[in-house]
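The chains referred to below are lettered A, B, ... by the order of the sequence lines, with proteins before strands, and numbering in each begins at 1.
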There are 2 protein chains.
Amino acid sequence: MYVPKKESNGSKELYDKVKEYMLRELIGTDNKITEEMLATRFQVSRTPIREVLKHLEHEGLIETRRNKGITFRSFSPEEVAEVYDVRSVLEGYAARLAAGEASDESIDELAGYMERYTAARADGDTQQAALIDSVFHEKLLELCGNTYLSDMAKNIRMVNKSLLLKDYYFSFHGDVNPYNHAMIVEALRNRDPQKAQRMVQKHINWSKKTILKILKD
Amino acid sequence: MYVPKKESNGSKELYDKVKEYMLRELIGTDNKITEEMLATRFQVSRTPIREVLKHLEHEGLIETRRNKGITFRSFSPEEVAEVYDVRSVLEGYAARLAAGEASDESIDELAGYMERYTAARADGDTQQAALIDSVFHEKLLELCGNTYLSDMAKNIRMVNKSLLLKDYYFSFHGDVNPYNHAMIVEALRNRDPQKAQRMVQKHINWSKKTILKILKD
DNA sequence: ACAGGGTAATATGTATACAATTACTATTAT
DNA sequence: ATAATAGTAATTGTATACATATTACCCTGT
């Protein structure tokens with residue numbers, strides 16, 4: 001798990017830029033990715049690029065095979081299921097903690113994202129909805145009061161999401177998750193840790209099943 | 001989380017060697033650690049050393065600050081508590097899965113480590129006991145059937161253990177964990193997921209409290 | 001036309017040279 | 001004697017050159 005330091009090295013910004021570039025423009029395409037290409041694009045030598053790539057590989061986002069270029073890591077359906085199960089456990093636990101830790105104000109803020117999400121879906125803007133969905137879940141993680149936990153869970157979300165990018169967006173065209181954000185927020189408002197945990201876990205497990213159905217085709 | 005690949009680069013072996021060296025000979029001492037020193041020791045240039053160090057930093061084992069050398073990452077008592085809580089959740093969940101997934105033979109194997117652990121403690125060989133304790137918990141993790149989970153949990157164990165090394169061994173001189181391996185094994189034998197999870201969580205929470213008591217002094 | 005081999009092109013792995021930043025030390029002024 | 005400062009040493013960050021390994025393609029022989 002990579003936790004960017006405040007007083008970090010100069011390569012921190014490069015890490016962000018390269019990561020964003022790869023996630024925004026390279027993922028899903030057939031473009032071949034090489035160190036040299038990234039180096040020239042960002043006007044640095046291969047050395048710092050390699051360091052960034054090592055980080056991304058460590059996070060589980062990419063794979064490098066000697067002389068074969070860089071590829072986004074591919075997960076089998078079984079591995080996807082594994083990742084979802086871990087997410088479910090960690091985010092569920094975070095929600096449980098949040099029910100006791102979060103301030104009323106931060107729960108209200110979370111509810112704001114919930115409403116924006118619903119609005120985006122109503123508008124049919126699935127891309128915006130997916131973005132807000134991410135923010136909702138990350139904000140929720142931050143409410144748990146355990147930064148080690150939230151950093152780790154965020155990283156898993158990032159990898160999980162990027163790996164399933166196409167399918168992820170596609171899933172929005174299907175059924176609506178019956179265990180929705182409103183239920184999670186309600187459990188938090190009621191200060192009901194058990195229910196908050198259960199709702200998040202059901203929420204994620206539903207996504208898992210939906211994704212797996214798509215992947216199995 | 002770093003998961004060494006089979007068909008990996010040549011730096012994989014170097015990673016293992018450097019890590020073992022640092023954990024065995026450098027941790028706990030005041031020796032200054034520099035890239036150059038590691039490079040000359042392992043007869044390679046700084047380049048592959050830096051890659052290894054990036055991995056170790058990413059895992060949370062070390063910290064690097066420009067021109068100040070490499071230091072083992074230090075955790076505040078609050079952060080230690082956070083890590084233990086995450087461990088408790090992940091390993092508890094793994095135990096729950098293991099109660100359903102593990103074969104009778106593998107549970108017997110686990111019981112073997114339990115007995116060896118008890119014997120080592122009876123002999124007063126705390127170092128050996130700590131080693132077997134580690135193996136017990138790692139084997140348990142492997143029984144859950146979710147390699148993503150077990151790899152992640154193992155990494156946390158490694159970091160957790162190394163960071164507390166002195167205190168860790170020291171804790172063996174104190175009270176004995178009342179939620180012991182035997183109870184965990186029994187729950188697995190009874191195929192009782194709930195109890196297996198609960199026992200592991202209590203086991204780890206007890207360690208957390210014991211460590212924190214020591215750290216607070 | 002096709003199989004096979006060998007060579008060139010390509011890409012990563014590693015070493016070395018250099019730049020930049022921090023730490024240390026000695027010297028000088030007050 | 002102490003504090004400020006400049007200059008030097010030490011250490012990491014980056015660029016470049018070279019080594020190694022893989023791929024691609026052409027060329028040749030049947």
* **First of A:N67 and A:T47 reached from the 5' end of DNA chain D, by closest nucleotide** => A:T47

* Asked: Nearest-Å distance, CZ (B:R46) to C1' (C:dA17)?
  -> 11 Å

* Asked: Cut-off 3.5 Å, side chains only: do A:S150 and A:T147 have a donor facing an acceptor?
  -> no

* Asked: Between A:E36 (CD) and C:dT12 (P), how many Å, whole number?
  -> 9 Å

* Just checking, is any N or O donor in the side chain of B:K19 or B:Y15 under 3.5 Å from an acceptor N or O on the other one? -> yes

* Please check the phosphate of C:dT10 (OP1 and OP2 only) for any side-chain N or O of A:K32 closer than 4.0 Å. => no

* Quickly work out the A:Q43 CD to D:dT16 P distance and round it to whole Å. => 11 Å

* State which of C:dA20, D:dT14, D:dA21 makes the closest approach to the side chain of B:R66. => C:dA20

* To do: Can you tell me the distance, in whole Å, between the CD1 atom of A:I49 and the P atom of C:dA11?
  => 15 Å

* Roughly, in whole Å, what's the span from CG in A:L53 to C1' in C:dG13? -> 14 Å

* Asked: Between A:M37 (CE) and C:dA11 (P), how many Å, whole number?
  -> 11 Å

* With DNA chain C as reference, determine whether B:P48 or A:I33 sits nearer its 5' end, using the nearest nucleotide of each. => A:I33

* Scan B:E138, B:E91, B:E142 and name whichever one has a side-chain hydrogen bond (donor to acceptor under 3.5 Å, both in side chains) with B:K154. => B:E142

* Rounded off to whole Å, could you give me the CD1-to-C1' distance for the A:I70 and C:dT12 pair? => 9 Å

* Below 4.0 angstrom from OP1 or OP2 of D:dT23, is there any side-chain N or O of A:K68? -> yes

* Fit a plane to each ring of A:H181 and A:H137, take the angle between them on a 0 to 90° scale, and name the class: parallel (under 30°), tilted (30 to 60°) or perpendicular (over 60°). => perpendicular

* Asked: Hey, do the aromatic rings of B:H55 and A:H55 have their centres closer than 6.0 Å?
  -> no

* Out of D:dT11, C:dT12, C:dA20, which nucleotide sits closest to the side chain of A:R50? -> C:dT12

* Structure fact -> Between NZ of A:K12 and P of D:dG13 the distance, given in whole Å, is 16 Å

